[in-house]
Amino acid sequence: MFLTVSNLTKSYHSGITTPVLNGINMELEQGCIGVILGPSGSGKSTLMNIIGGVDRADGGEVLVDEIKVTALTDDQLTEYRRQRIGFIFQFYNLVPNLTVAENIEVVSNISKAPLPVDAVLSAVGLADKKRRFPRELSGGEQQRVSIARAIVKNPALLLCDEPTGALDYVTSRGVLALLQKVNAEYGTSILMITHNSAIAGMAQAVYKLRDGKVAEAYRNSQLVPAERIEW
Amino acid sequence: MTLQKRIWRTLSENKGRYIGIFILIFLGSFTLVAAKGFADNYALLVNRFALHNLQEDLSFSVDQPLDGLAALEQETGAAIEPYRYADIPLSDKGELRLLTPQQTVNLPAVTSGSGLQQPGDILIDPFFAATHGFKIGDRIDTGHQSFRIVGTLALPHYIYPLKYINDVLPPSGFGIGLIAAADMEGYPEAVTVYSVRFAGRENLGGQIISLREALDKQGVKLSDWTDAGNNKRIRMPWATITGAKTIAVPLPVTMFLLCCLIVGIVIWRTVKSDSVIIGTLYAQGYRRRELTRHYLTLPLLLAAAGGLTGVLMGLPTIDPIVKYMANSYYIIPYEKLALSAADILAGILMPTIFLGLAALLVIRRELHKTAGELMKGDKAKVKINFLERRLRLERFPFGAKFRLREQLRSIPRLLFLLFGVTAASVMMLFGFTLNHSMNIVFQSGVNGTYNYAWEYSFKETRQGEVPDGATPFNALRCYPDSKENAEFYLTGIASDADGILLRDADGNLLPKNQVNITYLLADRLKLREGQRIAFVSKLDGQSYELVVDGIVQTYSGQFIYMPLEDFNKLTGQPAGSYTGVFSMRELPYEEWELAGVKDLQNLNSAMDDLAAPMTSMVIFMALVAAVMGAIIIYLVTSLMIEESRPAISLLKVFGYRSKEVRALILNGSAWVVLLGFMLSIPLMLASASALYGYLGEMINMVLPIILSPAYVILSFALIVTVYLATKELSGRKIIKIPMSEALKAGSE
Ligand SMILES: Nc1ncnc2c1ncn2[C@@H]1O[C@H](COP(=O)(O)OP(=O)(O)OP(=O)(O)O)[C@@H](O)[C@H]1O
Ligand SMILES: [Mg+2]
């Protein structure tokens with residue numbers, strides 16, 4: 001199994017203790033797309049951040065590609081993120097004073113075997129805009145840049161926290177199609193958070209979170225191409 | 001209004017930044033008030049002393065006592081009064097020059113104790129008293145007589161107590177004392193000097209010439225004809241006053257301008273990031289004026305507080321400095337100072353106006369948008385400036401690109417760092433270079449040109465043999481036709497004077513059978529080899545002309561050397577005439593036959609006396625510069641980190657190591673610091689030579705500005721150390737920025 005989460009717990013302590021994750025269990029196979037659904041505040045981002053190595057759990061275990069993420073030191077977590085994880089955010093998080101190409105280089109710069117920046121840019125359909133600055137792009141284009149940035153190092157696991165959350169219908173489908181293409185072409189495992197249950201159709205595995213627990217998990221035998229998803 | 005509460009929050013949230021700005025303003029106001037207060041007050045005291053105590057306009061010596069002084073005074077409208085002096089070596093206590101008081105010119109000022117009352121009383125200068133630990137009531141034994149110290153004094157023609165008028169420094173342990181004329185009778189070697197002060201204070205130059213003509217008519221032979229304008233004992237304080245005046249305004253203005261830049265940036269950022277709130281407030285009926293007032297509060301508060309603190313701390317320093325200088329360096333009577341209301345106001349108002357205007361400019365630009373525009377809040381949309389857009393960086397490595405873009409992101413910020421480092425470096429280099437130049441000048445004077453231990457000059461011209469091991473010279477004070485205040489000595493030297501080494505710029509010895517001019521004089525008159533110099537004798541107004549054969553690479557003074565025989569021929573003196581000798585060993589001349597003795601070894605220890613205050617001043621300047629540099633670099637890095645928070649957080653999420661993040665964000669300024677330092681070298685040279693050009697015109701003191709590689713390296717090392725230390729400090733801020741900032745970005 002590529003990703004295994006077992007009995008993961010996490011609470012926040014800010015004056016009062018807020019339990020957020022109450023024993024999460026989930027699995028994802030190599031090269032698959034997994035989707036996490038759930039109401040706001042159910043702990044989706046918290047879970048993903050722990051898997052991505054930017055936050056720490058209180059108990060339980062996360063295994064990614066045979067690495068026990070929950071047991072790593074801060075420095076080891078840095079190396080883990082550096083070598084294996086790609087991030088895509090709801091609000092793109094591009095560096096505003098770097099050009100499109102340079103934003104991608106932010107990540108390729110620290111990768112051992114990055115894909116060529118131009119190839120990645122072509123893959124996301126932005127080869128002709130590589131000298132633009134982020135503010136000169138539409139939201140959908142910015143999210144494509146952020147996808148290009150995430151995949152340029154050819155990560156083992158791509159984590160996407162509501163990648164279409166700030167985009168309209170048509171643009172969202174384009175972005176989802178792109179993610180599906182990445183998954184197909186590079187064999188990248190993808191874990192994606194969304195509020196939109198329609199998106200679940202393009203994932204092999206679907207997890208529904210409620211009150212810090214996986215309330216429901218199921219597998220799709222038939223995958224829907226992103227272009228045909230409707231909502 | 002509740003809005004005002006935010007000011008304190010803003011202040012305490014960015015303590016370091018505002019403290020930094022505060023210190024810059026403080027330093028500016030402090031310098032303005034202290035330096036200007038010192039210069040003005042000291043100038044006032046010096047002028048007042050000259051006026052009230054009837055400082056001489058001229059002094060001269062004659063070969064025999066002047067007859068008919070009263071008639072001469074009548075004819076020339078001047079007070080002419082002789083005084084006598086004798087130099088008394090004290091056993092291991094240095095040397096004391098005894099002088100007699102005058103009644104119509106150069107009135108002594110008793111600065112403590114009482115005046116001369118009975119025979120055997122003496123007044124001494126306060127520095128001499130302090131150096132040797134003399135107190136009122138103590139006795140000074142001259143070997144011939146025991147004097148009782150009744151007080152301290154200042155003399156208008158000995159403000160800077162030089163032993164010889166062409167020295168730059170008084171010999172170590174040298175001082176002056178005033179005794180009654182009757183007591184002077186015990187010193188037959190005493191020399192008589194006439195002091196002149198004209199009743200009419202206009203056209204002094206013309207009156208001096210008339211006096212000269214009247215004396216010539218009487219057929220007296222004059223020597224040591226020195227007008228006050230060229231008398232270092234009288235003019236030297238102006239070197240210091242001018243020095244203080246030159247830093248009193250440019251330095252604070254630089255500081256204030258730097259503060260304007262940084263405050264402009266900070267306010268602009270605040271207003272920018274508040275734009276949504278501002279728009280909302282507008283929409284709710286707040287007036288533009290009210291909001292402007294709100295954002296102006298902080299810069300005005302800072303400026304006023306910094307200015308006020310600078311003034312409050314600057315004011316009390318003036319008095320002690322003036323008092324110290326008046327008692328130890330340039331000796332004048334000290335009086336309670338008048339503090340200038342204008343300076344105090346300037347110290348507070350200047351930064352307030354500067355910063356207020358800068359802030360107002362920025363605020364108005366932002367607040368002119370409509371409420372709707374503001375509420376949209378374009379803070380997320382970072383403007384890309386033309387430099388960033390123009391850059392074609394594809395071929396550069398990512399790190400270089402990132403760092404360059406980080407620097408170019410805000411051009412005002414970049415300029416602030418660049419000019420700030422430049423200003424700090426200029427200040428540091430200036431101090432070091434001044435120190436170095438003075439050292440070189442003294443050393444080359446002492447060790448370079450003259451390899452003789454002693455220089456004796458006689459009261460009267462002589463002929464005939466000189467003692468063994470000595471070599472004769474003859475000299476004439478002259479000034480160039482074109483530049484009256486560039487006085488120099490025309491010196492005739494024997495061609496076999498082995499101890500005088502004249503070298504050209506390449507280090508080759510120049511022949512002594514030709515006309516050689518010192519570098520300083522040549523430089524000042526823009527003369528080169530083969531060119532003609534026309535000049536006038538200071539003594540009798542006779543005109544001469546010479547062709548320059550060689551330029552002597554020495555910094556020791558303004559001289560033209562020529563063969564002694566030619567000198568005598570040119571000036572119409574009998575062959576073999578000389579007015580002085582250089583010697584390897586001490587010669588047994590009597591005090592009465594000498595006009596001066598220069599112990600070239602003694603110069604070294606006198607130099608040491610000067611070196612101590614000089615060194616502490618240079619260290620102080622270097623420290624202030626370092627603090628200034630540190631604050632500037634700190635402000636810029638903290639701003640940069642602040643502006644790059646999202647990027648820093650993001651880099652961490654992507655797996656950048658702390659070291660890598662630090663290098664990306666902070667190392668880019670290294671180039672700016674380097675560039676700023678390099679800019680400072682020509683700037684420092686230009687400003688130093690401007691200052692010394694001015695001093696040369698004013699008091700005929702010329703100091704070459706000699707850049708020392710060692711000091712340049714030292715300054716650079718200091719700036720780099722400050723940079724590295726500040727970087728280290730800022731690095732901690734970077735470590736503290738959490739990754740969650742990137743994860744939650746845009747969601748607020
Ligand atoms: N730093 C924190 N300190 C305290 N509580 C926190 C912190 N971060 C998150 N929480 C709480 O943890 C819970 C889960 O947060 P999380 O961000 O994982 O939810 P989510 O499922 O991603 O919600 P959304 O769909 O709105 O993004 C929330 O109730 C939130 O209030
Ligand atoms: Mg979330």
**Student:** Is it the side chain or the backbone of B/L664 that comes within 4.5 Å of chain A heavy atoms, both, or neither?
**Tutor:** neither
**Student:** Looking only at heavy atoms, which two atoms of B/M739 and A/V54 are closest? And how far apart?
**Tutor:**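 Residues B/M739 and A/V54, closest heavy atoms: SD-CG1, 3.7 Å.
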**Student:** Sequence neighbours excluded, which residues qualify as side chain to side chain contact (heavy atoms under 4.5 Å, CB included) partners of B/L408?
**Tutor:**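 B/L408 satisfies side chain to side chain contact (heavy atoms under 4.5 Å, CB included) with B/L387, B/E388, B/L391, B/L404, B/L414 once adjacent residues are dropped.
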**Student:** Side chain, backbone, both or neither: which part of A/D161 has a non-hydrogen atom closer than 4.5 Å to chain B?
**Tutor:**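 No part of A/D161 comes within 4.5 Å of chain B.
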**Student:** Identify which part of A/E136 has an atom lying under 4.5 Å from any heavy atom of chain B, answering side chain, backbone, both or neither.
**Tutor:** side chain
**Student:** Do NZ/NE/NH1/NH2 and the carboxylate oxygens of A/R131 and B/E394 come within less than 4.0 Å?
**Tutor:** yes
**Student:** Using a 4.5 Å cut-off on heavy atoms from C-beta on, say whether the side chain of A/F89 contacts that of B/L650.
**Tutor:**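 Touching, per the 4.5 Å side-chain cut-off.
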**Student:** Is B/R389 in contact with chain A via its backbone, its side chain, both, or neither, using a 4.5 Å heavy-atom distance?
**Tutor:**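 Its backbone and side chain both get close to chain A.
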**Student:** Would you give the length of the straight line joining atom CG of A/N97 to atom OG of B/S644, rounded to the nearest 0.5 angstrom?
**Tutor:**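 Rounded to the nearest 0.5 Å, the CG-OG separation comes to 7.0 Å.
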**Student:** Would you compute the distance between atom CG of A/N49 and atom OG of B/S740 and round it to the nearest 0.5 angstrom?
**Tutor:** 9.0 Å
**Student:** Near B/F396 CZ, under 6.0 Å, is it more than 12 heavy atoms from other residues, nucleotides or ligands?
**Tutor:** no
**Student:** Between A/R81 (side chain) and B/F654 (backbone), is there a donor-acceptor pair under 3.5 Å?
**Tutor:** no
**Student:** If I measure from the heavy atoms of chain A, does B/E660 come under 4.5 Å with its side chain, its backbone, both, or neither?
**Tutor:** side chain
**Student:** Within residues 98-126 of chain A, which positions have a heavy-atom distance to chain B below 4.5 Å?
**Tutor:** A/L98, A/T99, A/E102, A/E105, A/V106, A/V107, A/N109, A/I110
**Student:** Closest approach of A/P96 and B/R409, non-hydrogen atoms and distance?
**Tutor:** CG-NH2, 3.5 Å
